[in-house]
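All values derive from a computational prediction rather than experimental measurement.
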Amino acid sequence: QVRLEESGGGVVHAGGSLRLSCTASGFVFSGYAMSWYRQRPGQKRELVAGLRRDDGEIEYGGAVQGRLTIDRDDTQNTVYLEMKALKPGETAVYYCNAWNYGTVIYWGQGTQVTVSE
């Protein structure tokens with residue numbers, strides 16, 4: 001059974017940091033590129049950061065570059081998202097996914113991140 005399980009979300013004050021984890025099971029994790037998306041209240045799901053499998057190239061969405069870091073540990077079947085200097089507008093449900101050739105194959109259920117003033 002394929003599973004992507006996010007963890008590490010919670011409530012943090014503005015300017016604070018969080019590290020999210022997404023652990024995979026049921027498929028060959030090392031064979032997939034991984035990304036983090038978020039969905040803010042009332043908005044569409046948007047890319048936060050994507051990490052390609054073949055060349056390790058990273059794509060960051062929007063205004064997050066420099067404050068967020070994506071990395072992966074294939075020995076642990078886990079992808080991480082480290083977030084610093086969080087802003088209240090970044091309150092969202094954060095999702096990880098596994099993809100290849102531009103197509104998302106699997107999604108996790110998401111973890112809530114709330115950034116308070």
Side-chain angles (χ1 to χ4, degrees):
Q1 182 180 357
V2 171
R3 190 171 184 184
L4 289 174
E5 185 169 6
E6 300 95 338
S7 61
V11 180
V12 62
H13 289 297
S17 301
L18 280 176
R19 190 185 193 208
L20 305 182
S21 301
C22 170
T23 300
S25 59
F27 66 99
V28 181
F29 178 78
S30 60
Y32 289 80
M34 299 297 296
S35 293
W36 286 94
Y37 277 68
R38 66 186 177 194
Q39 188 164 17
R40 292 182 273 191
Q43 299 193 27
K44 297 187 304 181
R45 203 171 289 190
E46 61 182 352
L47 174 70
V48 176
L51 176 57
R52 283 168 41 161
R53 174 184 60 83
D54 49 0
D55 57 8
E57 183 175 332
I58 296 173
E59 178 183 3
Y60 289 103
V64 304
Q65 193 163 359
R67 297 187 297 112
L68 276 64
T69 303
I70 183 172
D71 64 4
R72 64 189 291 164
D73 183 347
D74 286 356
T75 68
Q76 299 295 320
N77 287 353
T78 300
V79 60
Y80 303 97
L81 181 68
E82 181 139 17
M83 306 186 289
K84 299 179 180 179
L86 283 162
K87 306 172 183 178
E90 294 182 300
T91 292
V93 179
Y94 285 72
Y95 299 89
C96 69
N97 67 40
W99 58 278
N100 266 330
Y101 307 109
T103 301
V104 176
I105 309 299
Y106 308 118
W107 283 98
Q109 295 300 305
T111 185
Q112 176 71 46
V113 171
T114 301
V115 185
S116 62
E117 297 282 356

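Applying the salt bridge (charged side-chain N to carboxylate O under 4.0 Å, His left out) rule to Asp74 yields the partners Arg72; only residues at least two apart in sequence or on another chain are considered. With sequence neighbours left out, the ring pair (Phe, Tyr, Trp, His ring centres under 6.0 Å) criterion links Trp107 to Tyr37. Residues that satisfy the side chain to side chain donor-acceptor pair (under 3.5 Å) test with Asn100, not counting sequence neighbours, are absent from this structure. For Tyr32, the ring pair (Phe, Tyr, Trp, His ring centres under 6.0 Å) partners are Phe27, Tyr106, not counting sequence neighbours.
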Which atom pairs, one a donor and one an acceptor, fall under 3.5 Å between side chains of residues 13-25 and the rest of the protein, sequence neighbours left out?
| residue | atom | partner | partner atom | Å |
| --- | --- | --- | --- | --- |
| His13 | ND1 | Ser116 | OG | 3.0 |
| Thr23 | OG1 | Thr78 | OG1 | 3.1 |

Could you go through residues 44-53 and list every donor-acceptor pair under 3.5 Å that involves a side-chain atom there, pairing it with any protein atom two or more places apart or in another chain?
| residue | atom | partner | partner atom | Å |
| --- | --- | --- | --- | --- |
| Glu46 | OE1 | Arg40 | NH2 | 3.2 |
| Glu46 | OE2 | Arg38 | NE | 2.8 |
| Glu46 | OE2 | Arg40 | NE | 3.0 |
| Glu46 | OE2 | Arg40 | NH2 | 2.8 |
| Arg52 | NE | Asp55 | OD1 | 3.2 |
| Arg52 | NH2 | Asp55 | OD2 | 2.8 |
| Arg53 | NE | Gly31 | O | 3.0 |

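When all heavy atoms of Glu6 and Gly110 are compared, the pair lying nearest together is OE1-N, 2.8 Å.
Counting heavy atoms from C-beta on, the side chains of Tyr95 and Gln39 come closer than 4.5 Å. Between Glu90 and Met83 the shortest side-chain heavy-atom distance does not fall below 4.5 Å.
Side chain of Thr114 to main chain of Thr91: no donor-acceptor pair is present (N/O by atom type, distance under 3.5 Å, no hydrogens or angles). For Gln109 (side chain) and Glu5 (main-chain N/O), no donor-acceptor pair under 3.5 Å exists by modelled atom type.
Under the 4.5 Å side-chain heavy-atom criterion for Ile, Leu, Val, Met, Phe, Trp and Tyr, Trp99 and Phe29 are members of distinct hydrophobic clusters. Hydrophobic cluster membership is shared by Val93 and Val104, with clusters built from Ile, Leu, Val, Met, Phe, Trp and Tyr side chains linked at under 4.5 angstrom. Note on Ile70 and Ile105: same hydrophobic cluster, where clusters join Ile, Leu, Val, Met, Phe, Trp and Tyr whose side-chain heavy atoms are under 4.5 Å apart, directly or indirectly.
Enclosure of atom CD in Gln112 by more than 12 non-hydrogen atoms of other residues, nucleotides or ligands within 6.0 angstrom is indicated.
For the atom pair Tyr80 OH and Trp36 CH2, the distance stands at 10.5 Å (nearest 0.5 Å).
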Side chain to side chain contact (heavy atoms under 4.5 Å, CB included) for Val79 and Leu81? Distances and angles first, verdict last. CA-CA 7 Å; Val79 60; Leu81 181 68; over 6 Å; no
